[in-house]
Amino acid sequence: MIRTRFAPSPTGYMHIGNLRTALYEYFIAKHGGGKFILRIEDTDRERYVEGAVDIIYKTLEMAGMKHDEGPDIGGDYGPYIQSERKNDYMKYALELVEKGEAYYCFCTKERLEGLRLEGETGVKYDRHCLSLSKEEIEKNLKNGIPFVIRQKIRDGSTTFHDEVYGDVTVNNEDMEDQILIKSDGLPTYNFANVIDDHLMNITHVIRGNEYLSSTPKYNPLYEAFGWDIPTYIHVAPVMKDQHTKLSKRNGDASFQDLVAKGYLPKAIVNYITLLGWSPSENREIFSIDELIEIFDVKGISKSPAIFDPEKLKWMNGEYIKAQNFDEFYEMAEPVLKEAVKTEGIDLKMAAQMVKTRISTVYDIPALIDFIDELPEYDKSLYNHKKMKTNTENSLDFLKLIIPVLEKAEDWDNDSLYALMVNTAKENNLKNGQILWPVRTALSGKPTTPCGATELCVLLGKEESLRRLKEGIKLLES
Ligand code: GLU
């Protein structure tokens with residue numbers, strides 16, 4: 001059975017690249033009917049940020065991913081947490097010591113620093129403690145001398161296969177006797193990672209290619225234990241531009257930031273999946289279920305992908321267009337309430353008008369800013385070639401329509417449309433010759449999210465007529 005894991009370090013920020021890795025892990029597991037595991041890699045206590053696990057949880061939940069197993073946390077299952085598994089790592093390190101594949105190292109910090117000072121860069125540990133006798137080791141342990149446990153790297157070379165990058169071979173001479181357990185008793189990052197991947201029966205390791213250079217260190221461990229090596233799938237980074245990676249340090253948005261900016265989790269998931277992975281069909285909009293269905297490792301690219309905010313905006317707009325109205329309104333209502341202070345405006349109607357014209361709900365205020373107050377506008381807005389209107393004839397057209405509208409009994413879209421079109425017909429005018437000046441006078445803007453009659457309904461009879469008369473004043477000035 002396919003088993004993948006998402007193994008974030010709790011640094012307090014859900015990086016877009018991290019989330020993309022989680023998605024690929026999730027899709028690969030689910031595509032094969034397998035399991036998706038969540039493991040918090042918190043052995044580096046210096047990088048630990050309070051509350052970070054909650055952010056990870058929340059992000060996965062919002063993105064639509066739920067991990068499949070973990071320790072019981074009262075009715076639900078939590079993630080596996082490395083710092084709570086300290087004893088396991090020590091046990092396995094001692095097993096390697098027993099097998100002669102690892103050894104205690106009591107070298108002091110000063111000695112190690114001295115070694116580095118004498119050597120060139122890339123100098124390796126000199127295996128000083130490899131030759132300690134059993135008695136010396138026992139004496140040191142009894143006396144409580146701090147130690148680390150190092151793996152004794154075997155001679156030869158190490159080759160590992162990556163599904164994206166192919167075979168990578170490293171000469172073992174270039175590898176140091178890596179530390180497995182640090183002097184604080186905690187495992188090193190790489191050791192814990194291998195032990196856990198094995199204990200959790202992980203079949204596919206998917207992660208950022210910044211780990212590609214650490215991977216050769218993993219195989220000697222698998223070999224020392226005699227364990228099966230998982231399939232490696234390293235993915236290229238998500239970039240801000242040609243040269244810079246997306247990162248918190250550069251102030252780039254996290255998943256949570258994007259959600260706060262009005263992006264729908266589904267749109268973000270869809271967009272970031274396509275950063276570095278291409279489906280075989282020529283389409284761009286996919287639901288998470290569709291992605292599970294079609295995801296194929298073969299589509300993962302070796303080269304970095306650039307995060308394009310404009311493309312995400314477009315995609316979010318497509319998701320908003322397809323959203324059912326009630327769901328959209330729930331999301332848009334707070335923004336509409338903030339943007340429209342005039343009493344009695346039908347906010348649902350305003351929401352209908354803008355739904356197909358925005359990338360995020362925060363585009364709404366600029367589209368409807370004319371509702372509360374008619375903006376000051378230049379009369380040249382009445383010039384419209386196609387509609388055959390200009391500043392002179394628009395004055396006549398407004399004068400024609402105002403009395404008709406004053407008499408109007410039904411102030412709804414259809415009735416108003418019929419009145420305006422009939423007036424145009426009776427006077428041998430094009431429809432636009434009535435509709436365009438009305439629209440201009442009501443909004444004071446060159447573009448509006450709706451037509452003249454809808455503007456009338458939205459603003460109401462009294463305000464509409466007031467604005468039409470203002471239009472006359474402007475055109476007469
Ligand atoms: N803990 C690592 C990170 O947060 C992931 C390493 C891995 O997936 O093996 O980047």
Side-chain angles (χ1 to χ4, degrees), residues 2-29 34-49 51-60 63 65 67 70 79-85 89 160-165 168 178 180 182 186-222 227-239 245-249 252 254-256 272 276 297 300 304:
I2 294 189
R3 289 173 62 88
T4 64
R5 68 356 180 229
F6 179 44
S9 302
T11 57
Y13 176 84
M14 183 65 103
H15 196 258
I16 291 299
N18 270 354
L19 179 61
R20 186 194 56 174
T21 306
L23 287 165
Y24 291 179
E25 282 151 357
Y26 184 75
F27 297 149
I28 290 171
K35 298 257 192 265
F36 171 68
I37 314 296
L38 175 60
R39 180 171 83 221
I40 307 296
E41 300 206 320
D42 60 346
T43 52
D44 185 351
R45 302 308 287 176
E46 273 164 35
R47 290 180 69 207
Y48 186 81
V49 173
V53 175
D54 280 348
I55 294 182
I56 293 167
Y57 250 70
K58 198 132 197 222
T59 305
L60 292 184
M65 290 180 273
H67 59 286
Y80 292 106
I81 298 188
Q82 284 190 327
S83 59
E84 290 171 7
R85 299 159 62 81
Y89 308 118
F160 76 91
H161 179 75
D162 182 85
E163 291 292 303
V164 177
Y165 292 90
V168 180
Q178 58 182 327
L180 307 179
K182 297 179 284 186
L186 283 175
T188 51
Y189 172 73
N190 290 326
F191 186 56
N193 193 287
V194 167
I195 299 296
D196 279 343
D197 281 345
H198 171 73
L199 293 180
M200 294 170 193
N201 292 315
I202 300 303
T203 58
H204 293 67
V205 169
I206 300 108
R207 55 185 188 168
N209 73 0
E210 66 271 27
Y211 292 100
L212 203 54
S213 60
S214 312
T215 312
K217 295 181 190 168
Y218 292 20
N219 284 21
L221 273 172
Y222 282 104
W227 293 341
D228 286 343
I229 296 171
T231 300
Y232 293 114
I233 300 163
H234 285 89
V235 292
V238 180
M239 310 288 285
K245 266 197 199 184
L246 270 192
S247 78
K248 183 185 185 177
R249 229 177 304 141
D252 296 318
S254 68
F255 177 77
Q256 304 284 344
I272 69 176
V297 175
I300 297 179

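The structure presented is a predicted model; accordingly, all values stated were derived computationally and were not measured. When a ligand or atom number is given, it counts from 1 through the structure's own listing order.
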For this session: Given side chain to side chain contact (heavy atoms under 4.5 Å, CB included), test Q256 with K58 step by step and report yes or no.
Result: CA-CA 9 Å; Q256 304 284 344; K58 198 132 197 222; 4.0 Å; yes

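Note: no N/O pair closer than 3.5 Å links N18 and ligand 1 by distance alone. Below 3.5 Å of separation, one finds an N or O of A7 facing an N or O of ligand 1. At under 3.5 Å, not a single nitrogen or oxygen of E210, backbone or side chain, sits near a nitrogen or oxygen of ligand 1.
Counting heavy atoms from C-beta on, the side chains of L60 and L38 come closer than 4.5 Å.
Under 4.0 Å from ligand 1, not a single heavy atom of V205 appears.
T203 places a side-chain N or O within 3.5 Å of a backbone atom of R3 that can act as its donor or acceptor partner.
The protein atom (non-hydrogen) at minimum distance from atom 8 (O) of ligand 1 is R5 NH1, 2.7 Å. Among all protein heavy atoms, the one lying closest to atom 6 (C) of ligand 1 is Y189 OH, 2.5 Å. Closest to atom 4 (O) of ligand 1, if we only count protein heavy atoms, is S9 N, 3.0 Å. Ranking protein heavy atoms by distance to atom 3 (C) of ligand 1, first place goes to Y211 OH, 3.2 Å.
Partner F36 forms a ring pair (Phe, Tyr, Trp, His ring centres under 6.0 Å) with one of Y26, F27, Y24 and no other, that one being Y26.
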